[in-house]
Amino acid sequence: MTGTKPTRPNPLQWIWYALGGRLPERYREWVLHDITCRTWILRHVSRTLVQLSPGLLFLLLPGPLWIRGMAVLGGYILGIWYSMSYMEHTTEYRLYKHGYPIGAGKATREEAKAEQRAAKASRYEQIYRNAPES
């Protein structure tokens, strides 16, 4: 990615994007950033919560509030569970819809962490793989 910040969509466009819509071409770089930045998991969860938000309408149905509340809570837990289970696949497809090849998100995240991973491996080698001194 370049050193400049990509153009962010406006709030209505972001809601459309969170619900699975495709953004215009000028936001393509922002979509890659959204799916590969350090906080990509939190961003995924926030998109999931937007997708699940219509479920709050069940609170308006007649009946005891605790039953309606528990039904909504159960739906949210299940929705977030499945969303987290298929997080990588979902984000890769989101990138694919914006013109990136499948695997671009994972490759970009791996590339960003390569130096950190190499440093960890080096520390591991120094601590655990050195021959004992005689």
Side-chain angles (χ1 to χ4, degrees):
M1 253 168 74
T2 62
T4 62
K5 283 194 163 192
T7 307
R8 282 184 60 92
N10 66 42
L12 286 177
Q13 288 174 320
W14 184 86
I15 290 171
W16 171 249
Y17 167 74
L19 292 173
R22 188 179 187 285
L23 292 174
E25 185 67 25
R26 69 180 176 269
Y27 299 112
R28 186 173 186 262
E29 226 179 282
W30 179 83
V31 172
L32 180 64
H33 169 75
D34 184 54
I35 292 177
T36 59
C37 69
R38 182 177 53 85
T39 58
W40 74 280
I41 294 173
L42 295 175
R43 290 168 179 252
H44 177 78
V45 170
S46 66
R47 289 190 300 269
T48 300
L49 292 175
V50 168
Q51 291 172 357
L52 295 174
S53 64
L56 292 173
L57 293 174
F58 282 105
L59 292 174
L60 301 176
L61 293 175
L65 181 61
W66 73 271
I67 292 177
R68 293 177 284 156
M70 293 304 285
V72 169
L73 179 64
Y76 266 65
I77 290 171
L78 189 62
I80 291 171
W81 179 276
Y82 276 104
S83 173
M84 296 299 287
S85 297
Y86 294 102
M87 181 171 46
E88 283 198 22
H89 300 291
T90 304
T91 55
E92 290 297 336
Y93 182 68
R94 191 174 293 269
L95 281 175
Y96 177 75
K97 285 195 320 189
H98 287 85
Y100 290 96
I102 296 290
K106 185 173 184 175
T108 304
R109 286 189 299 270
E110 293 291 325
E111 182 182 316
K113 291 185 176 181
E115 189 175 307
Q116 182 183 17
R117 192 175 300 109
K120 278 185 178 179
S122 174
R123 281 195 309 272
Y124 178 84
E125 290 290 326
Q126 288 174 349
I127 294 170
Y128 297 108
R129 297 294 179 196
N130 282 341
E133 294 183 24
S134 305

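Bear in mind that the values here come from a model prediction, so they are computed numbers and not experimental data. One-based numbering along the sequence shown.
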Is [X] linked to [Y] within one hydrophobic cluster, defined over Ile, Leu, Val, Met, Phe, Trp and Tyr using a side-chain heavy-atom separation of less than 4.5 Å?
| X | Y | value |
| --- | --- | --- |
| Tyr93 | Trp14 | no |
| Val50 | Met84 | no |
| Leu42 | Leu49 | no |

Interatomic distance, Ile41 atom CD1 to Glu88 atom CD [nearest 0.5 angstrom]: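 So the gap between those two atoms works out to 8.5 Å.
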
For Tyr124, the ring pair (Phe, Tyr, Trp, His ring centres under 6.0 Å) test, sequence neighbours excluded, returns Tyr128

Tell me, do [X] and [Y] make a side-chain contact under 4.5 Å, heavy atoms counted?
| X | Y | answer |
| --- | --- | --- |
| Glu92 | Tyr100 | no |
| Trp30 | Thr7 | no |
| Val72 | Tyr76 | yes |

Taking every heavy atom of Trp40 against every heavy atom of Thr36, the minimum-distance pair comes out as CB-N, 4.2 Å

Would you mind writing out the side-chain donor-acceptor pairs for residues 55-67 within the sub-3.5 Å range, not counting sequence neighbours?
none

For residues 15-25, tabulate all N or O donor-acceptor pairs below 3.5 Å that involve a side-chain atom, not counting sequence neighbours.
| unit_1 | atom_1 | unit_2 | atom_2 | d |
| --- | --- | --- | --- | --- |
| Trp16 | NE1 | Arg22 | O | 3.3 |
| Tyr17 | OH | Asp34 | OD2 | 2.7 |
| Arg22 | NE | Lys97 | O | 2.5 |

Look only at the side chain of Thr91 and the backbone of Met87, and say whether a donor-acceptor pair between them is shorter than 3.5 Å.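 Pair found, side chain donor or acceptor close to backbone of Met87.
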
Output yes when a side-chain donor or acceptor of His33 lies under 3.5 Å from a complementary backbone atom of Glu29, and no otherwise. no

List in chain and number order the residues that pass side-chain hydrogen bond (donor to acceptor under 3.5 Å, both in side chains) with Ser83, two or more places apart in sequence or in another chain; answer none if no residue qualifies.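 For Ser83 the side-chain hydrogen bond (donor to acceptor under 3.5 Å, both in side chains) partners, ignoring immediate neighbours, are His44, Thr48.
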
Test side-chain hydrogen bond (donor to acceptor under 3.5 Å, both in side chains) applied to Thr39 - qualifying residues, sequence neighbours left out: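 Arg43.
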
Which pairs, with at least one residue in residues 98-122 and sequence neighbours excluded, count as a salt bridge (charged side-chain N to carboxylate O under 4.0 Å, His left out)? Glu110-Arg117

